[in-house]
Protein chains: 2
Amino acid sequence: MAELLRVQGYGATGVKQVAAAAQAPIGSIYHHFPGGKREIAAAVLRTTGAAYIQLVPLLLDPYDDLVAGVGAFFEAAADDMENTGWANMCPVGTVTGEVADSEPGIRAVAAEVIGSWVDDASAYLVGRGVADPDARAVVFAMLGSLEGAFILSRGLRSSEPLRAAGRAMAAYVATVPQGAPARS
Amino acid sequence: MAELLRVQGYGATGVKQVAAAAQAPIGSIYHHFPGGKREIAAAVLRTTGAAYIQLVPLLLDPYDDLVAGVGAFFEAAADDMENTGWANMCPVGTVTGEVADSEPGIRAVAAEVIGSWVDDASAYLVGRGVADPDARAVVFAMLGSLEGAFILSRGLRSSEPLRAAGRAMAAYVATVPQGAPARS
DNA sequence: CTCCGAATAGAACGATCGCTCTAGAGCGAT
DNA sequence: ATCGCTCTAGAGCGATCGTTCTATTCGGAG
């Protein structure tokens, strides 16, 4: 279950717990996911990965100014964290940090998901006038900054890291050369 | 043991394992750390926190130009990760992300450590001419960017996120107003 | 030398976890 | 009606983990 993995992490969520949350017996879980916990986690990462990438155009399209959009993106994340009591926001980041060195299969899936995020998001930025090699670097910087700020904010129970990251990334994006947006 | 917690995380390192690494029996571990695994982790976080903060002046002092120093800081981290085979670099970030929502005591210690990092590092930046409220935001942005890039680089087995983060933070730091460095 | 707290030493316990195994319910095809 | 297959259902297994317990050794004070 995506929600459990997101708020609890990989190690802390048991398969009995996801069975209970899904109102399904353990046998059914293992029937549909013969690969066990690893396969469940991989499926969750893939589906949440596909869902989260849609947030990028959704949150950025309303802003003609990309710099303002980036700032608003981080502010929205900060507000969400405050309102949920500092709940974990991104299962991909948490799970990656947790099992990157102990679960090679899950790490590979996480790498897939992150890679597709970077591809899609940088294509979006190119569509908004950012030059191609720059776009990829911008996405890496923003994604890293976001994931890191999530951790700091959860640890400190404060939105200050997230908001500082947003201002920093907005200032950074303002420095990268930006042509006219491609027509849609 | 600091090294084990850094490369393996909190959940994945057992106290029997740290006993073996310390060449001490389990009884001795629990004699010196009656609080058990939690107390051991707290001690590790505090000591590594105190050690890591010293890296800031150590790595930044050689650079008269703060922007160049920031870039070199991230490049050094990227080189380290490559040379160690993408080993985890910062136990504080990993442990925080892992247990922030399940171990309140450890989370509090991590918050202490991160808070002292921010205090010390922003004091250093003020000493180098960054205005006071800006300095704190810069430190939060850099620390978050660093921790997030660690996760991405470990997941992707690539230093690209770390190097992109370094270029982004250098560009950002270049935009914050900077007075003359205070005399030392 | 005697004594006593500190530290060492590791066997053993209870809990938990991922997973397997067996049993049966549901259901379309023949 | 009967077969065969998918899916449900959960008890139970083996392994592992953090922790506790008892026994023993060490070393300085009296």
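Since the model is a prediction, treat every value here as computed from it, not as a measurement. Below, chain A is the first sequence line, B the second, and so on; all start at residue 1. No hydrogens, no waters, no symmetry mates; every other heavy atom, side chains included, goes into these values.
- Put simply, His32(B) has a side-chain N or O that comes within less than 4.0 Å of OP1 or OP2 on dT8(C).
- Of the residues in residues 94-106 of chain A, none lies under 4.0 Å from DNA chain D by heavy-atom distance.
- One atom, CD of Gln17(B), and another, C1' of dC17(D), lie 12 Å apart when rounded to the nearest Å.
- Of the inter-residue distances, the one linking Phe140(B) atom CZ with Ile114(B) atom CD1 reads 8.5 Å to the nearest 0.5 angstrom.
- One can place CD of Gln23(B) at 14 Å from C1' of dA9(C), the figure rounded to the nearest angstrom.
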Output, in order, the C-alpha distance, side-chain angles, deciding distance and verdict of side-chain hydrogen bond (donor to acceptor under 3.5 Å, both in side chains) for Asp61(B) and Tyr124(B).
CA-CA 10 Å; Asp61(B) 270 341; Tyr124(B) 175 83; 2.9 Å; yes
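- Listed by chain and number, the residues in a salt bridge (Lys or Arg N to Asp or Glu O under 4.0 Å) with Asp101(B) are Arg154(A), Arg157(A) (sequence neighbours excluded).
- Of the inter-residue distances, the one linking Arg167(B) atom CZ with Met169(B) atom CE reads 13.5 Å to the nearest 0.5 angstrom.
- Base pairing analysis places dG10(D) opposite dC21(C); the two distances defining the Watson-Crick or G-U wobble pair are each below 3.5 Å.
- Separating the CD1 atom of Ile40(B) from the C1' atom of dC17(D) is a distance of 13 Å, rounded to the nearest angstrom.
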Please encode protein proximity along nucleotides 18-23 of chain C as a string of B, S and -, counting only heavy-atom distances under 4.0 Å.
BBB---
Could you please spell out the steps behind the side-chain hydrogen bond (donor to acceptor under 3.5 Å, both in side chains) verdict for Glu82(A) and Ser159(A)?
CA-CA 7 Å; Glu82(A) 279 185 356; Ser159(A) 64; 2.8 Å; yes
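- The partner of dA29(C), taking Watson-Crick or G-U wobble pairs whose two distances both stay under 3.5 Å, is dT2(D).
- Comment: Arg163(A) engages Asp79(A) in a salt bridge, judged by a side-chain N to carboxylate O separation of less than 4.0 angstrom.
- Whole-Å rounding puts the His31(A) NE2 to dG24(C) C1' distance at 14 Å.
- In this structure a side-chain-to-backbone donor-acceptor pair under 3.5 Å is missing from Gln178(B) to Val130(B).
- For Glu3(B), the CD atom sits in a loose shell: 12 or fewer heavy atoms of surrounding residues, nucleotides or ligands are nearer than 6.0 Å.
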